[in-house]
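From a predicted model like this one, the values you see are computed outputs, not experimental measurements. Counting starts at 1 for both ligands and their atoms, in listed order.
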Amino acid sequence: MINTEKSQKALSVNQIYCMDCLELLSQLPDNCISLILTDPPYGIAYQNHFTGREYPVLAGDDGIDYDRFARESFRVLKENSHAYFFTRFDCYPYHYLYLQRAGFTVKNCMVIEKGNIGGIGDLKGSYANNAEWLIFCHKGRRAFQRTTLLQNKAKAGSRFHKGREPSRKYKTRFNSCWFGSEYPKATYNSGWQKQHGIYHPTIKNVEFLSWLIQISSQPEDLVFDGFMGSGSTAAAAIRTGRRFLGSEINSGYYNTAIQRIKEVTDHEAVQSP
Ligand SMILES: C[S@@+](CC[C@H](N)C(=O)[O-])C[C@H]1O[C@@H](n2cnc3c(N)ncnc32)[C@H](O)[C@@H]1O
């Protein structure tokens, strides 16, 4: 439970609320979230058909109040914590600006290979979009968690330069661009969506999100995503033993997310009875 100062009711954790993200954020007290990992609408009328289904234009795709969203995100995040905001090259300048103005230290723009190649826009005169962009920020400063996600290529204990720490078995510092077979892709392809019956035009890969969560938080930490879509961030939080909280404004996607959370929770319960 999170006791809200501004409304009298308490908010439950491990919940997605079918409501506006800014409304949910306004009900949260300061410094209550351990990690923000979120995928806001970018402000374009995005509608794709790549799985053979026609999706409605995403809610909020004529733009959210990003300035307020950035300030509220900074307020609710705990000191010395990480935040990830998906973005796109043409929105990046103003997303960067508002996040920085809100108080975040912007550390990197990560570029992650997609599992599907974008098929919209000028198909004959623009490059195919094969990557997701992700703004990585700190509030205060936080070192990465030690993980066993990726083995170092160099033998453990070897030293490339005099004075440098001997290399460890597992990577402690990841690259900002995740391409190639050693990294999970940022998105699922249409085959995955059809096979699992989970449809969302901008669905993210749970394995990829779970890497970010493991690098940037500890078990039991509270992960926030105000734009849950089909519930991918919640699924990744459950799989990594974190708690989650978020919102989704579209009731259809909200129902998909609730169903998916139930399935992932049941699956995890069977794996670790
Ligand atoms: C880019 S998608 C997120 C997709 C998600 N990462 C997934 O893997 O399914 C953004 C989502 O935010 C929702 N949305 C748009 N405006 C919103 C708002 N003001 N509050 C909450 N959700 C909103 C849209 O309906 C959409 O599902």
Side-chain angles (χ1 to χ4, degrees), residues 11 15-28 35-48 50-51 53-73 76 83-88 90-92 95 110 112 114-116 118 120 129 131-135 184-190 192-193 196-213 223-239 244-261 263-264:
L11 288 167
Q15 283 287 339
I16 297 181
Y17 291 89
C18 189
M19 66 192 289
D20 186 326
C21 168
L22 285 170
E23 180 55 34
L24 177 59
L25 280 168
S26 75
Q27 294 183 21
L28 296 179
L35 168 66
I36 294 176
L37 172 54
T38 193
D39 188 10
Y42 300 150
I44 45 152
Y46 182 41
Q47 183 176 30
N48 83 22
F50 82 93
T51 56
R53 288 164 60 118
E54 190 165 318
Y55 296 100
V57 171
L58 282 181
D61 244 6
D62 51 354
I64 55 163
D65 180 347
Y66 206 92
D67 183 16
R68 191 173 148 213
F69 167 65
R71 282 185 282 111
E72 283 289 78
S73 297
V76 300
Y84 296 86
F85 301 90
F86 282 88
T87 187
R88 221 184 36 193
D90 50 348
C91 315
Y92 177 73
H95 286 173
M110 298 179 72
I112 316 291
K114 283 162 79 104
N116 59 308
I120 57 165
N129 181 19
E132 291 283 341
W133 290 33
L134 191 55
I135 303 178
K185 305 280 182 280
T187 56
Y188 292 122
N189 60 26
S190 56
W192 185 94
Q193 294 204 42
H196 292 84
I198 300 170
Y199 296 99
H200 191 289
T202 61
I203 190 167
K204 300 298 177 292
N205 179 342
V206 171
E207 175 72 3
F208 155 61
L209 299 177
S210 78
W211 278 40
L212 299 176
I213 290 175
V223 181
F224 182 81
D225 182 356
F227 304 97
M228 280 280 185
S230 59
S232 308
T233 305
I238 296 165
R239 272 178 43 173
F244 65 90
L245 175 67
S247 49
E248 168 54 46
I249 208 165
N250 176 294
S251 58
Y253 294 138
Y254 167 79
N255 288 332
T256 301
I258 296 298
Q259 177 60 30
R260 203 170 169 203
I261 287 166
E263 284 167 15
V264 178

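Close approach of ligand 1 to I203 (heavy-atom distance below 4.0 Å) involves ligand atoms 7 (C), 8 (O), 9 (O). Heavy-atom proximity to S232, at under 4.0 Å, picks out these atoms of ligand 1: 7 (C), 8 (O), 9 (O). Of all the atoms in ligand 1, the ones that sit under 4.0 Å from a non-hydrogen atom of P41 are 15 (C), 16 (N). Of all the atoms in ligand 1, the ones that sit under 4.0 Å from a non-hydrogen atom of S230 are 7 (C), 8 (O), 9 (O). If you number the atoms of ligand 1 from 1 as listed, the ones under 4.0 Å from a heavy atom of N250 come out as 25 (O). For ligand 1, the atoms lying closer than 4.0 Å to a non-hydrogen atom of G226 are 21 (C), 22 (N).
At least one donor-acceptor pair closer than 3.5 Å links the side chain of K204 to the backbone N or O of T202. Within the 3.5 Å criterion, the main-chain N or O of M228 finds no donor-acceptor partner in the side chain of S232.
Heavy atoms of F227 found under 4.0 angstrom from ligand 1 belong to the backbone as well as the side chain. Residue K204 touches ligand 1 through backbone and side chain together, judged by heavy-atom distances below 4.0 Å.
Of the polar atoms of D225, none of the N or O atoms is found under 3.5 Å from an N or O of ligand 1, judged by distance alone. When only interatomic distances are considered, the shortest N/O to N/O separation between I64 and ligand 1 does not fall below 3.5 Å. Taking distance alone, with nitrogen or oxygen atoms compared against 3.5 Å, S247 stays at or beyond that limit from ligand 1. Residue contacts with ligand 1: Y253 is placed with no nitrogen or oxygen under 3.5 Å of a nitrogen or oxygen of the ligand (distance criterion only).
Residue contacts with ligand 1 include M19, since one of its heavy atoms falls under 4.0 Å from the ligand.
W133 pairs by the side chain to side chain donor-acceptor pair (under 3.5 Å) definition with nothing, not counting sequence neighbours. Listed by chain and number, the residues in a side chain to side chain donor-acceptor pair (under 3.5 Å) with S247 amount to none (sequence neighbours excluded).
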Problem set entry | Test salt bridge (Lys or Arg N to Asp or Glu O under 4.0 Å) applied to E207 and R239, step by step | CA-CA 9 Å; E207 175 72 3; R239 272 178 43 173; 2.8 Å; yes
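One side chain, N116 or T187, offers a donor N or O that lies under 3.5 Å from an acceptor on the other.
Two residues are said to be in side-chain contact when any heavy atoms from C-beta on lie closer than 4.5 Å; F224 and L37 fail this criterion. The closest side-chain heavy-atom distance from I112 to K185 is not below 4.5 Å.
F85 and F69 have perpendicular rings, their planes meeting at more than 60° on a 0 to 90° scale where under 30° would count as parallel.
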